[in-house]
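In what follows, every heavy atom counts, from backbone to side chain, and hydrogens, waters and symmetry copies are set aside. Convention: sequence-line order gives letters A, B, ...; per-chain numbering from 1.
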2 protein chains.
Amino acid sequence: MELDERKKIILKAVIRNYLETGEPVGSRTISKYTDLNLSSATIRNEMADLEEMGYILQPHTSAGRIPSDKGYRFYVDTMMEEKDREVVELKEMLLERQDKMETLLKQVAKVVAQNTQYAAMISAPSTHRNKVKFIQLSRLNATQLIAVIVSEGNIIKNNIIPVAEEISDENLLKFNILLNTHLTGLSMEEINLGIIAALKQQAGVHGNIIGEVIDAVGDAIKADDDLEIYTSGTNNIFRYPELTDNGKASELVGTFEEKQQLGTLIQETLEDEAGTGIQVYIGEESPVQSMKDCSVVTATYELGEGMKGTIGIVGPKRMDYDKVIGTLRTIQSKLDELYKKD
Amino acid sequence: MELDERKKIILKAVIRNYLETGEPVGSRTISKYTDLNLSSATIRNEMADLEEMGYILQPHTSAGRIPSDKGYRFYVDTMMEEKDREVVELKEMLLERQDKMETLLKQVAKVVAQNTQYAAMISAPSTHRNKVKFIQLSRLNATQLIAVIVSEGNIIKNNIIPVAEEISDENLLKFNILLNTHLTGLSMEEINLGIIAALKQQAGVHGNIIGEVIDAVGDAIKADDDLEIYTSGTNNIFRYPELTDNGKASELVGTFEEKQQLGTLIQETLEDEAGTGIQVYIGEESPVQSMKDCSVVTATYELGEGMKGTIGIVGPKRMDYDKVIGTLRTIQSKLDELYKKD
DNA sequence: TGTTAGCACTCAACATCAAGGAGTGCTAAC
DNA sequence: GTTAGCACTCCTTGATGTTGAGTGCTAACA
């Protein structure tokens with residue numbers, strides 16, 4: 001069977017109505033709601049077809065129809081074609097320039113959650129392809145050095161390095177020059193074994209310390225990998241009974257607190273990124289188990305120079321996709337602007 | 001009326017039974033449960049007295065009794081007298097020495113939550129009374145300095161300082177010596193206007209920059225105040241219907257995510273600290289609105305030298321106070337040990 | 001051939017009602 | 001002071017009926 005024009009109109013009407021009310025929608029409603037001028041009986045026949053085709057389903061025999069995952073998918077796809085540039089006015093949107101990346105991200109998550117009334121999460125931009133901008137070793141005391149590593153985007157990392165023997169001021173200065181000349185401007189991937197060997201050689205007798213230092217630098221960089229994710233509006237899930245019934249709330253709250261599983265979502269988004277960087281996971285499509293009853297919309301944002309992160313919105317399948325996608329687009333561009341002012 | 005010995009026994013029996021079952025407990029149950037050898041009728045009379053005195057209450061006319069806040073308070077107080085040193089075996093307790101304070105705290109929260117099956121939170125130890133150990137200014141580029149401040153306990157803070165005019169290497173070195181000689185060993189409160197004025201004077205022409213630097217140092221220290229709190233096991237609240245019915249879950253989850261309100265709890269605990277550093281807030285006693293239906297047990301822990309933080313456990317009023325307090329005691333001593341190995 | 005009116009049917013939701021039972025308060029007897 | 005007995009309360013549970021929204025099917029219509 002084919003999804004002809006009339007079926008499409010009816011399907012959209014069913015979905016749109018369900019998004020608004022959250023109640024199963026019947027044939028009579030559609031008959032009045034659309035301007036097709038068809039009787040409820042005709043609509044019923046079409047709806048039976050749509051059900052057979054898997055776009056809608058009945059919670060029980062004598063109830064109206066609700067969209068299936070496949071139905072939502074159809075809706076999202078056609079909707080995204082139609083209004084690709086819908087601008088959404090954000091209430092109380094205040095994203096000031098923040099020194100601290102952490103504060104900025106928390107703020108973004110909060111704004112997104114408040115505007116959409118769904119749960120929001122945001123991952124810190126990966127520093128993966130980031131370049132080292134500045135390294136400094138200082139002596140904290142006889143047995144400890146402190147390494148400060150600054151990368152593009154002014155992400156600062158510290159690490160305390162224990163050392164066996166004391167290092168003279170002279171050597172410390174030498175190390176600093178050595179490290180900065182050799183490592184500045186390199187991305188983390190580019191610091192390979194060859195460079196490390198060369199550094200060790202030039203460090204002479206204190207070569208072993210250079211080893212420890214490089215390890216520490218590696219540590220500092222890896223530490224960033226262990227997903228910094230901020231969430232906001234987790235409690236918005238309680239607005240939607242279908243997410244919180246039957247103990248589902250517990251799982252979802254757990255996922256949002258643990259953040260580990262959110263990482264897989266972020267990962268997935270970053271990997272198969274489409275043109276606009278916005279993706280919609282409906283129900284079973286979601287890579288996260290606890291979100292099989294939700295829809296998840298993710299967007300990659302960019303703070304320039306490959307500093308990519310992900311924003312995610314989690315809500316019921318009957319979420320307001322228009323608004324959510326619009327909000328994410330707006331946020332994307334706001335973040336873009338923010339960086340350009342730099 | 002007086003709370004005589006028999007009444008105490010009955011009250012305790014009621015509470016203990018209610019802690020186990022979560023159901024209102026009737027006179028017949030108590031008559032069998034205790035070894036008082038009293039008939040249910042006698043118990044009934046006593047229970048009527050206890051209700052009049054406000055220790056227990058009836059959900060409805062023909063139901064058994066449940067403890068009131070006052071009842072719980074009595075129970076907790078007498079219980080804490082009796083077994084002040086109960087040792088609780090912690091399952092899977094693995095607190096390894098962690099370089100990163102953050103990782104350690106998250107781990108503690110997780111261990112506590114898993115062991116007690118309640119929601120747990122932990123605040124980072126305050127660096128308030130902490131002493132400056134090391135300050136270093138470095139030049140990031142022509143217009144930016146980076147300040148690294150290390151305090152006792154190796155808490156590291158960074159701050160980027162924008163500067164109008166470029167500073168020579170020579171001056172930078174001078175500044176560093178100046179800052180370290182004057183500020184090292186001082187607590188944050190001790191850095192007063194007098195010292196700042198003296199520093200500015202000695203800095204000469206670049207005095208204004210010193211001002212900015214001090215401000216940044218202040219910033220770095222204040223930044224720590226904005227409560228680093230980690231939570232774990234928030235979803236444990238779903239184990240207890242009395243915490244999640246009627247939309248209460250939403251509020252609680254919100255509180256745990258926002259963390260701001262948890263701050264007041266932490267604050268309160270740190271302020272009126274008793275001997276053992278453990279406090280119990282039952283129902284209305286809690287300073288946090290959303291926890292008026294919960295009990296909260298908090299404990300201050302110490303990582304030596306005035307580095308005090310707070311651990312909190314949030315659960316239903318019918319929580320297993322014995323176990324919770326035992327767990328907190330154990331954690332307290334483990335953390336103490338951990339620091340001593342330093 | 002597509003559309004529609006009509007009708008019997010289904011089923012969740014809701015209200016009503018009775019039975020069961022846990023527990024109480026009170027009274028009178030021990 | 002303690003206890004047995006009894007009437008009473010009120011939640012809980014399950015059964016029963018009613019309502020209403022919505023369906024599928026059929027036959028008639030354009």
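Taking the six-membered ring where tryptophan is involved, the planes of B:Tyr55 and B:Phe74 are perpendicular, since the angle between them exceeds 60° and thus also 30°.
A:Ser27 comes within 4.0 angstrom of sugar-phosphate atoms only, judged by non-hydrogen atoms across all strands, and of no base. Within the nucleic acid shown, B:Ala41 comes within 4.0 Å of at least one base atom, counting heavy atoms only.
Of the possible polar contacts, one joining the A:Tyr118 side chain to the A:Asp320 backbone as a donor-acceptor pair under 3.5 Å is found.
Residue A:Ile10 contributes atom CD1, which lies 13 Å from atom C1' of C:dG2 at whole-angstrom precision. Between B:Gln58 atom CD and C:dA22 atom P there is a gap of 16 Å when expressed in whole angstrom units.
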Dot-bracket encoding of pairs in DNA chain C, which uses [ ] for pseudoknotted crossings and | for another strand, Watson-Crick or G-U under 3.5 angstrom
||||||||||||||||||||||||||||||
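Using a 3.5 Å distance cut-off with no hydrogens or angles, the side chains of A:Thr255 and A:Ser290 do pair a donor with an acceptor.
For D:dG5, its base sits under 3.5 Å from the side chain of B:Arg44 at one donor and acceptor pair at least.
For A:Arg28 and C:dA5, the shortest distance from a side-chain N or O to OP1 or OP2 is not below 4.0 Å.
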Do B:Asp69 and B:Arg73 pass the salt bridge (Lys or Arg N to Asp or Glu O under 4.0 Å) test, and can you show the C-alpha distance, the side-chain angles, and the key distance before you say yes or no?
CA-CA 6 Å; B:Asp69 284 11; B:Arg73 168 54 57 199; over 6 Å; no
At under 4.0 Å between heavy atoms, which parts of nucleotides 9-21 of chain C does protein reach? Answer with one letter per nucleotide, 5' to 3': B base, S sugar-phosphate only, - none.
-BBS---------
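Residues A:Tyr230 and A:Lys259 have side chains not in contact (no heavy-atom distance under 4.5 Å, counting atoms from C-beta outward).
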